[in-house]
Q: 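Quick one: structure below, then a few questions.
In the text below, chain A, chain B and the rest are named by the order of the sequence lines, each starting its count at 1.
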Amino acid sequence: MPELPEVEVTRRSFADAICGATVQSVRLGKPLRWPLGLEPQRLVGARVGATTRRGKYLWLPLSSQLAPGGLLLHLGMSGSLGFSADASAPAGAHDHFDLQTDRGLLRLNDPRRFGAVVWSPGLEADPAAKLLAGLGLEPFDARFDGPHLHAGLSGRRVAVKQALLAGDIVVGAGNIYACEALFLAGIDPRLAACKVSRPRAARLATAVRAVLAQALEAGGSTLRDFKDAHGVAGSFQMQAQVYGREGQPCRVCGTSIRRIVQGARSTFFCPQCQKR
DNA sequence: CACCCATCCTGTCGGC
DNA sequence: TGCCGACAGGATGGGT
């Protein structure tokens with residue numbers, strides 16, 4: 001579910017409210033992708049700092065004498081976070097992590113459990129930090145530009161769509177936004193990464209930023225169940241040009257949108273607007 | 001290094 | 001209705 005826009009929308013929806021809160025208790029549900037990495041009781045009494053984001057990960061800094069560090073959260077395919085001042089709501093079958101604070105309850109709901117909450121003593125000081133080690137540039141980082149993207153794509157024979165999705169050149173574009181960015185740039189998703197010209201790489205870099213910015217403004221995409229931490233849905237799916245539109249007419253030229261499979265993921269594109 | 005593929009898990013939807 | 005397979009927004013880890 002959550003690509004960069006959804007993760008960032010989620011972050012913005014609770015970061016201010018939880019900043020400065022004190023942890024009162026922690027509840028774990030079924031196992032997530034990785035174990036938490038420390039005894040949950042050790043988090044009690046810690047103070048929550050300013051929540052940040054790196055790629056599709058959220059970083060919740062916690063300060064306490066007992067265990068200074070923080071929590072690295074990932075929403076996987078089906079995760080969402082809720083934050084509410086009313087902590088009385090009973091945990092549902094898919095609520096697998098609760099952080100009860102004096103300002104409210106932060107709760108991870110994740111039916112498929114591909115998500116994760118991992119303790120780290122600090123992003124510089126390893127363990128969970130290695131999860132962030134291979135990540136590409138942030139799309140809104142000034143260093144992410146045409147030349148950077150072109151350099152990243154060079155030497156790769158996989159399709160440009162898959163190279164974009166891999167996240168080691170630029171982070172944040174998942175299946176929806178990779179498809180949308182390629183449409184916006186007019187690039188065939190099947191084109192070998194190393195065959196993307198400099199001018200096209202520049203257009204693609206611009207398109208990635210534009211699509212992610214639009215999606216952020218729209219509050220993300222709610223295909224099935226994405227909601228921010230206060231239960232607000234996104235609306236970008238309404239303006240998607242290709243994602244999920246197989247067989248429907250291209251909004252630009254009317255050609256039927258195609259769906260293909262690349263690396264076991266669906267790719268949607270317009271065969272007329274996206275040539276080379 | 002680049003790449004392919006299986007894998008984690010549950011829910012939903014379409015076809016028969 | 002029920003059953004069954006296909007598919008879903010992600011990313012790792014292992015093998016070639």
Q: Give the rounded distance in Å between these two atoms: CD of A:Gln237 and C1' of C:dA8.
A: 15 Å
Q: If you group Ile, Leu, Val, Met, Phe, Trp and Tyr by side-chain heavy-atom gaps below 4.5 Å, do A:Leu132 and A:Val118 land in one group?
A: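 Same cluster.
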Q: May I have the distance from A:Arg113 (atom CZ) to C:dA11 (atom C1'), rounded to whole angstrom?
A: 17 Å
Q: Output the single nucleotide from C:dG9, C:dC7, B:dC9 whose closest atom is nearest the side chain of A:Glu3.
A: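 That would be C:dG9.
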Q: Same cluster for A:Val170 and A:Val158 if Ile/Leu/Val/Met/Phe/Trp/Tyr side chains link at under 4.5 Å?
A: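 Unlinked, A:Val170 and A:Val158 end up in two clusters.
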Q: Identify which nucleotide among C:dG9, C:dA11, B:dT10 has an atom closest to any side-chain atom of A:Arg265, counting heavy atoms from C-beta outward.
A: C:dG9
Q: Looking at A:Phe236, A:Tyr243, A:Phe183, which one forms a ring-ring contact (aromatic ring centres under 6.0 Å, His included) with A:Tyr177?
A: A:Phe236
Q: Which nucleotide in the set C:dA8, C:dG13, C:dG9 lies at the smallest distance from any side-chain heavy atom of A:Trp34?
A: C:dG13
Q: Find the partner of B:dT7: check Watson-Crick (N1-N3 plus N6-O4 or O6-N4) and G-U wobble (N1-O2, O6-N3) distances, both under 3.5 Å, and reply none if neither fits.
A: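 Looking at the geometry, B:dT7 pairs with C:dA11.
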Q: Within the pair A:Lys30 and B:dT10, is there a side-chain N or O less than 4.0 Å away from OP1 or OP2?
A: yes
Q: Which whole-number value in Å describes the distance from A:Leu165 CG to B:dC3 P?
A: 14 Å
Q: Check the phosphate of B:dC9 against A:His94, side-chain N and O only, distance under 4.0 Å to OP1 or OP2. Yes or no?
A: no
Q: Sub-3.5 Å donor-acceptor pair from the side chain of A:Glu3 to the main-chain atoms of A:Gly174, do we have one?
A: yes
Q: Taking CG from A:Leu223 and P from B:dC13, how many angstroms apart are they, rounded to a whole number?
A: 13 Å
Q: Under 4.0 Å between any heavy atoms, over every strand shown, what does A:Phe236 touch: base, sugar-phosphate, or nothing? Just pick one.
A: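 Result for A:Phe236 = nothing.
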Q: Return the value, rounded to whole Å, for the distance between atom CD of A:Gln262 and atom P of B:dC5.
A: 13 Å
Q: Determine, answering yes or no, if A:Phe114 is stacked on B:dC9 under the 5.5 Å centre rule and the 30° plane rule.
A: no
Q: Measure CZ/A:Arg157 against P/B:dC4 and give the value in whole Å, please.
A: 10 Å
Q: Considering heavy-atom distances to DNA chain B, does A:Arg224 or A:Arg112 have its closest nucleotide positioned more toward the 5' end?
A: A:Arg112
Q: Expressed as a whole number of Å, how far does the P atom of B:dC5 sit from that of C:dC7?
A: 16 Å
Q: Does A:Ser266 have a side-chain nitrogen or oxygen under 4.0 Å from the phosphate oxygens OP1 or OP2 of C:dA8?
A: yes
Q: Hey, does the side chain of A:Arg245 reach the backbone of A:Pro249 with a donor-acceptor pair shorter than 3.5 angstrom?
A: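 Yes: the side chain of A:Arg245 pairs with the backbone of A:Pro249.
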Q: Figure out the CD1/P separation between A:Ile176 and C:dG9, and round it to whole Å.
A: 7 Å
Q: Under 4.0 Å between a side-chain N/O of A:Tyr243 and OP1 or OP2 of C:dG9, yes or no?
A: yes
Q: CG of A:Leu32 versus C1' of B:dC8: gap in Å, rounded?
A: 11 Å
